[in-house]
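These values consider heavy atoms only, across backbone and side chains, with no hydrogens, waters or symmetry-generated copies. Bear in mind that the values here come from a model prediction, so they are computed numbers and not experimental data.
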Amino acid sequence: MEPNGTPFMHKEQALRQEGSTRQTVLTLLKTGGPMNAGELAKQLQITEMAVRRHLSTLERDGLIVPNIVRQAMGRPTHMFSLTEQAEMLFPRNYHVLALDLLEELEEDPETAAMIDRLFEGRKRKLIERYAPRMEGKSLSEKVSELAAIQNDGGYMVHVETDGDSLVLHEYNCPIAHVADRYQQACQCELALFRKLLGTDVERTECLAKGGGKCSYRIAGA
């Protein structure tokens with residue numbers, strides 16, 4: 001017990017509190033723009049030294065970046081702003097816009113056929129973008145490259161060996177809201193994988209159809 005009778009804070013509680021403070025720092029930078037440690041300390045009503053500890057952790061994690069700003073009087077100050085990685089932590093409703101636009105096309109008989117063309121066009125662009133990364137690689141190397149591509153897109157990919165085959169699992173689907181409504185998204189992904197890998201690929205599980213993940217069995221691997 002502390003002298004005043006208040007129990008010491010458990011380690012887990014302290015960690016939660018620190019995490020909450022760092023989230024608040026990110027929110028302040030999101031809503032108020034770049035700030036220095038002193039400004040953040042005033043907003044948070046904690047010491048500047050404590051703020052700097054949180055800023056150091058956030059900078060280490062790639063969520064904020066400091067920029068030196070020269071002032072009319074006094075020393076230059078470090079102004080902290082969010083990185084693109086941090087921006088991704090905040091809610092984004094791009095899927096609502098995408099679904100609204102697709103539904104507009106779908107509801108008009110004259111434009112409904114354009115939906116298939118849009119997904120086909122997206123597939124062609126992705127093939128053009130990623131095909132050069134597959135050149136000169138063995139099938140297993142192509143699978144590793146494909147996993148890296150999908151991970152960069154937020155699909156949370158894991159590749160495992162199953163007998164004589166490789167199986168690529170995707171545990172997250174950034175376009176799940178669209179894929180749930182428009183199966184063309186899943187069809188184009190499967191066709192993309194087959195084209196990039198140059199072999200037959202079978203989808204054995206699909207998030208959009210109620211599966212726990214999207215799984216692809218790759219022939220000849």
Excluding sequence neighbours, so at least two apart, what forms side-chain hydrogen bond (donor to acceptor under 3.5 Å, both in side chains) with [X]?
| X | answer |
| --- | --- |
| E48 | R52 |
| D162 | R217 |
| T161 | none |

Do any side-chain atoms of residues 115-130 form donor-acceptor pairs under 3.5 angstrom with protein atoms, and if so which ones, sequence neighbours left out?
| from | atom 1 | to | atom 2 | distance (Å) |
| --- | --- | --- | --- | --- |
| D116 | OD1 | Q184 | NE2 | 2.9 |
| E120 | OE1 | K123 | NZ | 3.1 |

Exercise for review: Please collect all salt bridge (charged side-chain N to carboxylate O under 4.0 Å, His left out) contacts where either partner lies in residues 131-140, sequence neighbours excluded, each pair once.
Suggested key: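 Pairs touching residues 131-140 that pass the test: R133-E145.
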Revision key, fill the gap. So salt bridge (charged side-chain N to carboxylate O under 4.0 Å, His left out) across residues 165-175, not counting sequence neighbours, yields none
Are [Y] and [X] co-members of a hydrophobic cluster defined by side-chain heavy atoms under 4.5 Å apart?
| X | Y | value |
| --- | --- | --- |
| F90 | L40 | yes |
| V143 | M156 | no |
| V167 | Y155 | no |
| I64 | L44 | yes |
| L29 | V65 | no |

Review point. Can you name the closest pair of heavy atoms from P76 and I68 and give their distance?
Key: CB-CG2, 3.7 Å
Review point. Which pair of heavy atoms, one from T83 and one from G62, lies closest together, and at what distance?
Key: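 T83 and G62 have their closest heavy atoms at OG1-O, 2.6 Å.
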So how far is it from [X] [atom1] to [Y] [atom2], rounded to the nearest 0.5 Å?
| X | Y | atom1 | atom2 | answer |
| --- | --- | --- | --- | --- |
| F80 | L58 | CZ | CG | 9.5 Å |
| S56 | D61 | OG | CG | 9.5 Å |
| M134 | L197 | CE | CG | 6.0 Å |

Considering only heavy atoms from C-beta outward, does the side chain of [X] approach that of [Y] to under 4.5 Å?
| X | Y | value |
| --- | --- | --- |
| Q43 | L28 | yes |
| I218 | D200 | no |
| L63 | Q85 | yes |
| L146 | L168 | yes |
| V25 | L55 | yes |

Point to revise | Working for side chain to side chain contact (heavy atoms under 4.5 Å, CB included), residues H78 and N36 | key: CA-CA 6 Å; H78 283 88; N36 59 34; 5.9 Å; no
Identify every side-chain donor-acceptor pair in residues 185-196 under 3.5 Å, counting partners at least two apart or on other chains, and give the distances.
| from | atom 1 | to | atom 2 | distance (Å) |
| --- | --- | --- | --- | --- |
| E189 | OE1 | Y216 | OH | 2.3 |
| E189 | OE2 | Q150 | NE2 | 3.3 |
| R194 | NE | V201 | O | 2.9 |
| R194 | NH2 | V201 | O | 2.9 |

Under 3.5 Å, sequence neighbours excluded: what are the donor-acceptor pairs made by side chains of residues 97-107?
| from | atom 1 | to | atom 2 | distance (Å) |
| --- | --- | --- | --- | --- |
| E103 | OE2 | R181 | NH1 | 2.8 |
| E106 | OE1 | R181 | NH2 | 2.8 |
| E106 | OE1 | Y182 | OH | 3.0 |

Review point. Hey, is the main chain of V157 close enough, under 3.5 Å, to the side chain of N151 for a donor-acceptor pair?
Key: yes
Check your understanding: Cluster partners of V69, using ILVMFWY side-chain heavy atoms under 4.5 angstrom, listed by chain and number?
Key ->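 Members other than V69 - counting any ILVMFWY side chain reachable under 4.5 Å - are M79.
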**Study point:** Those residues that, when tested against D108, pass side-chain contact (heavy atoms from CB on, under 4.5 Å) (two or more places apart)
**Key:** E110, T111
**Study point:** With sequence neighbours excluded, residues passing side-chain contact (heavy atoms from CB on, under 4.5 Å) with A50
**Key:**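 Listed in chain order: I46, T47, R53.
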Side-chain atoms of residues 208-215: list all donor-acceptor pairs with protein atoms under 3.5 Å, sequence neighbours left out, distances to 0.1 Å.
| from | atom 1 | to | atom 2 | distance (Å) |
| --- | --- | --- | --- | --- |
| K213 | NZ | E205 | OE1 | 3.0 |
| S215 | OG | H169 | ND1 | 2.6 |

